[in-house]
Amino acid sequence: MREFGLIGKTLKHSFSQKYFEEKFRREQITDASYSLFELTDIKQLTEFIRQHPQLVGFNVTIPYKQQIIPYLDELSEEAAAVNAVNTVVIERVGGQILTKGHNTDIIGFRESLREVDLPKQALVLGTGGAAAAVTYVLENLGCRCTAISRDPQRGLPYSALNADIIRQHKFIVNCTPLGTYPNINEKPDIPYEGLSGEHFLYDLVYNPSETAFLKEGILRGAKVQNGLQMLHAQAETSWRIWNN
């Protein structure tokens, strides 16, 4: 039985296992399983792989998309470009274990924007691995991004935001875990009074489907989208990579 899965620190919110189990039933794939693996520290990765000899590949989520890179043997071109990994392929050759990191968030996010008329400027909330993929896609589509971060060395601090900046940036993407189940009342600390019906709010969080961040946009007439479509697209891309 080929084994696949998702690694992260806390995975109660994840729909990945449900998605793949439904896919396996629907497509009558009987030689594969998909599990959730919570690791308290990325240093456990090598031992985790050793203990799962049937593991062919796995997805990676918060907070390990960037932390995992030193533990991998190789990176795909796109994973190297954004310095973030969310999909790993494992090859076992002559007693050796070889790992290659990919970034399917890039394809997933790009696919989810097919029907979107992108503005020229965007605010990207967060500076982690998911934000790197989002920024990479948007900039390649001609949208200028401003990173918003709790760390002023990595982006514009949240404290510097005001309603005028919000009004100037019609596309705002939440790449933080704020609002993820079970902490559904959390949301990024931005001046929501600057939102209008001209805005488009995109939340990479998909559980719950309507986050506190998106509700602020809906309240003011903005278009909104959660991360479920992105999840599905990146999952299908991961599956293709695992199966060549």
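Residue numbers count from 1 along this sequence. Everything numeric in this text was worked out from a predicted model, so none of it was measured. Values below: every heavy atom of this structure, side chains too, minus hydrogens, waters and symmetry copies.
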Within a strict 4.5 Å, meaning less than it, do heavy atoms of the [X] and [Y] side chains meet?
X	Y	value
V224	D203	no
L36	S14	yes
L178	V205	no
L6	Y34	yes
V85	I69	yes
Y206	F15	yes

_NZ/NE/NH1/NH2 to OD/OE distance under 4.0 Å, E21 and K18_ =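 Looking at K18 together with E21, the answer is no, because their closest N to O distance does not fall below 4.0 Å.
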*asked:* Assess whether a salt bridge exists between K23 and E236, defined as any Lys/Arg side-chain N lying under 4.0 Å from an Asp/Glu carboxylate O.
replied: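 Here K23 pairs with E236 in a salt bridge, since their nearest N and O are under 4.0 Å apart.
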*What's the shortest heavy-atom distance between M1 and D31, and which atoms?*
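Result for this residue pair: SD-C, 3.2 Å.
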Tell me whether [X] at atom [atom1] has more than 12 heavy atoms from other residues, nucleotides or ligands lying less than 6.0 Å away.
X	atom1	answer
N243	CG	yes
R150	CZ	no
E91	CD	no
Q51	CD	yes
Q96	CD	no

*Would you please classify the geometry between the F37 ring and the H52 ring as parallel, tilted or perpendicular, with 30° and 60° separating the classes?*
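Judged by the thresholds at 30° and 60°, the geometry between H52 and F37 is perpendicular.
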Using a 3.5 Å distance criterion without hydrogens, assess whether the side chain of [X] forms a donor-acceptor pair with backbone atoms of [Y].
X	Y	result
N103	E78	no
E186	T180	no
H232	Q229	no
Y64	D41	yes
R2	G57	no
R220	L195	no
N226	S209	yes

*asked:* Are L125 and I165 linked, directly or through intermediate hydrophobic residues, by side-chain heavy-atom contacts shorter than 4.5 Å (ILVMFWY only)?
replied: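 Both belong to a single hydrophobic cluster.
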*When hydrophobic residues are tied together by side-chain contacts of less than 4.5 Å, even through go-betweens, does L141 share a cluster with I172?*
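No, because L141 and I172 fall into different hydrophobic clusters, even though each may have its own neighbours under 4.5 Å.
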*asked:* I'd like to check the salt bridge (Lys or Arg N to Asp or Glu O under 4.0 Å) partners of K170; sequence neighbours left out, ordered by chain and number.
replied: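 Checked K170 against salt bridge (Lys or Arg N to Asp or Glu O under 4.0 Å); matches are E198.
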Would you be so kind as to tabulate the donor-acceptor pairs closer than 3.5 Å made by side chains of residues 104-116, with sequence neighbours excluded?
{"from": "T104", "atom 1": "OG1", "to": "N86", "atom 2": "OD1", "distance (Å)": "3.3"}
{"from": "T104", "atom 1": "OG1", "to": "N86", "atom 2": "ND2", "distance (Å)": "3.0"}
{"from": "T104", "atom 1": "OG1", "to": "T87", "atom 2": "OG1", "distance (Å)": "3.2"}
{"from": "T104", "atom 1": "OG1", "to": "Q234", "atom 2": "O", "distance (Å)": "3.3"}
{"from": "T104", "atom 1": "OG1", "to": "Q234", "atom 2": "OE1", "distance (Å)": "2.8"}
{"from": "T104", "atom 1": "OG1", "to": "S238", "atom 2": "OG", "distance (Å)": "3.3"}
{"from": "D105", "atom 1": "OD1", "to": "N86", "atom 2": "ND2", "distance (Å)": "3.1"}
{"from": "D105", "atom 1": "OD2", "to": "K65", "atom 2": "NZ", "distance (Å)": "2.6"}
{"from": "E111", "atom 1": "OE1", "to": "R114", "atom 2": "NE", "distance (Å)": "2.9"}
{"from": "E111", "atom 1": "OE2", "to": "R114", "atom 2": "NH2", "distance (Å)": "3.0"}
{"from": "S112", "atom 1": "OG", "to": "F109", "atom 2": "O", "distance (Å)": "2.7"}
{"from": "S112", "atom 1": "OG", "to": "Y202", "atom 2": "OH", "distance (Å)": "2.7"}

